[in-house]
Amino acid sequence: MKNEKESATRSDFIRDIIKEDIKKNKNDGRVITRFPPEPNGYLHIGHAKAICLNFGAAKEFGGHCNLRFDDSNPIKEKEEYVESIKKDIRWLGYNWGDRECFASDYFEQLYEWAVQLIKDGKAYIDDLSAEEIREYRGTLTAPGKESPYRNRSVKENFDLFERMKTGEFPDGARVLRAKIDMASPNINMRDPVMYRILHKPHHRQGDKWCIYPTYDFTHGQSDSKEGVTHSLCSIEFEDHRPLYDWFLEKLHVYHPQQIEFARLNLSYTVLSKRKLMQLVSGGDVSGWDDPRMPTLSGLRRSGYTPESIRAFCERIGVAKRDSVVDIALLEYCVREDLNKRAPRVMAVLHPLRVVIDNYPEDQVEDLDAINNPEDPDMGIRKVPFSRVLYIERDDFREEPPKKFYRLAPGREVRMRYAYFITCVDVVKDEKTGKVVELHCTYDPATRGGNAPDGRKVKSTLHWVSAAQAIEAEVRLYDRLFVKPNPLEGKEDFKTYLNPKSLETLTSCRVEPSLKGARQGNRYQFERLGYFCVDSIDSTDEKLVFNRTVSLRDQWAKIEKSMKAGNG
RNA sequence: UGGGGUGUAGGCAAGUGGAAAGCCAUCCGCCUUUGGAGCGGACAUUCGGAGGUUCGAAUCCUCCCACCCCAGCCA
């Protein structure tokens with residue numbers, strides 16, 4: 001019932017255009033999109049937006065979405081990245097079937113098209129150096145000037161281009177340029193480079209080529225070859241569109257429609273492969289899949305579900321304006337998903353020993369605990385209770401501030417699914433004064449958590465039985481940066497890295513039902529948050545959990561506001 | 001001082017001449033054996049600004065302002 005609204009047709013300006021095109025029977029009503037990553041890095045949540053849009057829209061309108069690797073620059077691209085990209089897209093829940101394409105598969109055709117333009121007098125070989133080309137290009141406000149090589153004969157251009165191809169010239173010696181207009185107000189039209197000499201092996205083509213087409217000469221024609229009807233790309237390519245149009249027109253080939261939309265920005269992180277790469281290579285994170293990274297592999301490892309990421313992408317919408325989405329929305333989306341699906345479990349992160357003085361020395365009771373109150377079908381499990389327990393250090397205050405409902409000397413609280421207990425004594429370290437143990441009494445009549453006399457307690461604590469608990473490592477991940485927009489200050493963005501983005505806790509205690517928890521399993525640690533068994537470091541001998549996201553925390557807010565002003 | 005874009009609440013985002021959707025965040029209640037979840041409520045007299053057209057303007061026109069992108073042989 002709740003999911004009915006999911007099927008409600010979502011709408012954005014791009015889907016509106018597609019609907020309109022279908023209505024007008026443009027392209028015979030076909031819808032072909034494509035997701036065109038360059039295999040030079042790992043996919044991040046910003047790519048997820050594009051993936052959901054391209055695959056999502058294609059599916060909604062009965063079309064197809066190609067996965068096409070835009071691999072025209074062998075300097076940056078690697079097989080490792082194409083594999084990770086495929087894995088991430090599949091994980092996100094999308095399939096491209098046999099529609100797996102590579103721009104490099106079109107190199108032969110692209111070469112022929114280049115020759116065609118040369119023969120039509122629409123492209124020429126330029127011997128200017130890179131620096132000279134830049135100088136000749138002019139500036140934003142001043143027109144450029146024509147290269148002295150601009151008017152070579154077709155014959156000479158063709159000859160030179162062939163010799164570029166056969167490897168006669170060193171890198172950078174010459175380029176092939178489109179002959180358009182050096183005075184165009186659109187800089188992209190000032191005789192853009194189409195081919196450059198790069199004596200570099202290509203991850204798929206090997207040593208076959210030593211000249212490579214530029215993105216500008218590759219992208220539009222690749223879309224064209226694939227019969228893409230709606231070529232959705234980000235906004236910075238808007239003023240490249242006239243150039244793509246120019247190539248397509250001069251080549252007399254099918255002309256896809258390009259539509260631009262704004263890329264995603266997320267608060268408290270960065271979304272640029274270049275910046276993310278810097279974090280990886282600088283050792284600021286453990287790798288592309290560090291759970292703090294906004295990469296899909298990082299989000300996956302931290303416990304995010306593909307469903308939650310898709311839901312996020314739906315909620316943020318698609319538009320053209322620059323925007324920064326609050327990361328709280330992403331966090332909301334995982335909580336929403338995991339709340340319904342994640343089994344609940346008790347885990348104590350900062351253990352404080354509690355002895356129940358009046359509980360029989362050797363007794364252990366197996367108490368019923370509900371696996372997920374949101375989903376009765378998930379059943380119940382047994383949790384052992386005994387004389388010595390651990391509770392969360394934060395759940396006890398010797399001098400409780402107002403609004404602190406948890407345990408304190410003389411105070412009675414409920415141990416979840418167990419008994420009411422009352423704190424009767426506090427044991428401290430003589431030297432440091434640190435509380436090391438609590439003594440409590442329990443009320444046998446409250447077994448299961450209810451008092452027959454109707455007596456209420458103000459809070460319920462999670463706990464773990466000392467003897468049966470399993471020791472585990474828990475990694476508390478937090479936002480990567482301390483500033484909503486780390487790129488906004490004058491300093492290098494790394495200045496704003498959150499020094500507390502990872503806190504590793506090595507002696508946590510988790511309930512025994514977690515024995516055998518498998519990598520990737522997700523749980524809610526009651527009252528704490530959602531956690532996921534680390535997919536790399538966790539073993540049967542030593543469980544390692546990553547915090548995906550904390551639970552919403554009313555008390556934390558109260559405490560914070562008390563500290564901020566009212567206290 | 002070239003060209004291309006974009007301005008609706010703290011953050012996203014609908015709206016396309018006829019009473020400013022929705023979501024997140026925030027706040028307030030209710031409920032609760034998770035201070036979770038859930039439920040209910042509050043949150044833009046006004047749409048970057050100023051004029052104009054119109055019975056009527058966020059929507060149309062004019063001017064102005066702000067922000068983003070482009071001077072890679074990156075994509």
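Note that the coordinates shown come from a computational prediction; the quantities given were computed from them, not determined experimentally. We name chains A, B, ... by the order of the sequence lines, and we start the count at 1 in each one.
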| said: Let's see if you can work this out: which of B:U1, B:A25, B:C73 has an atom nearest to the side-chain heavy atoms of A:A328? | reply: B:A25
| request: Please state whether the rings of A:Y212 and A:H202 are parallel, tilted or perpendicular, taking 30° and 60° as the class boundaries. | output: parallel
| Out of B:C73, B:C12, B:U34, which nucleotide sits closest to the side chain of A:R416? | B:U34
| field | Quiz item: A:E260 side-chain donor-acceptor pair to B:G4 base, under 3.5 Å | value | no
| field | Any donor-acceptor N/O pair under 3.5 Å between B:G3 base and A:D239 side chain | value | yes
| field | Member of A:E307, A:E336, A:E374 meeting the salt bridge (charged side-chain N to carboxylate O under 4.0 Å, His left out) criterion with A:R341 | value | A:E307
| task | Quick one: label A:Y195 by what it contacts on the DNA or RNA (base, sugar-phosphate, nothing), any heavy atom closer than 4.0 Å. | result | nothing
| query | Touch check for A:S72, heavy atoms < 4.0 angstrom, all strands: base, sugar-phosphate only, or nothing? | reply | sugar-phosphate
| How is A:R414 classified with respect to the nucleic acid when contacts are heavy atoms under 4.0 Å: base, sugar-phosphate, or nothing? | base
| Looking for any heavy atom pair under 4.0 Å, which part of the strands does A:V175 touch: base, sugar-phosphate only, or nothing? | base
| If you look at every strand shown and take non-hydrogen atoms under 4.0 Å, does A:K458 touch a base, only sugar-phosphate, or nothing? | nothing
| task | Mind checking the CG-CD1 spacing from A:L330 to A:I45? Nearest 0.5 Å is all I need. | result | 4.5 Å
| remark: In whole angstroms, the gap separating P of B:G5 from CZ of A:R263 amounts to 19 Å
| field | Among B:A75, B:A13, B:C12, the one nearest A:E77 by side-chain distance | value | B:A75
| task | Answer with base, sugar-phosphate or nothing: what part of the nucleic acid does A:R344 contact at a heavy-atom distance below 4.0 Å? | result | base
| query | With under 30° as parallel and over 60° as perpendicular, where do the rings of A:W288 and A:Y81 fit, or are they tilted in between? | reply | perpendicular
| task | Name the nucleic acid region contacted by A:I133, choosing base, sugar-phosphate or nothing; use a 4.0 angstrom heavy-atom cut-off, strictly under. | result | base
| request: Take atom CG of A:L407 and atom C1' of B:G35, then tell me their distance rounded to the nearest Å. | output: 15 Å
| request: Spell out yes or no: do the side chain of A:R335 and the base of B:G36 have one donor N/O and one acceptor N/O closer than 3.5 Å? | output: no
| task | Describe the nucleic acid contact of A:R321 in one word from base, sugar-phosphate, nothing, applying a heavy-atom distance below 4.0 Å. | result | base
| message | Could you tell me the Watson-Crick or G-U partner of B:G17, where both distances fall under 3.5 Å? Say none if there is no partner. | response | none
| said: I want to verify a distance call: between B:A71, B:C23, B:A75, whose nearest atom is closest to the A:R315 side chain? | reply: B:C23
| message | Has A:N66 got a side-chain atom pairing as donor or acceptor with A:R68's backbone, closer than 3.5 angstrom? | response | no
| With a 4.0 Å cut-off on heavy atoms, is A:Y212 in touch with a base, just the backbone sugar-phosphate, or nothing at all? | nothing
| query | What is the nucleic acid contact for A:F404, judged by heavy atoms within less than 4.0 Å: base, sugar-phosphate only, or nothing? | reply | base
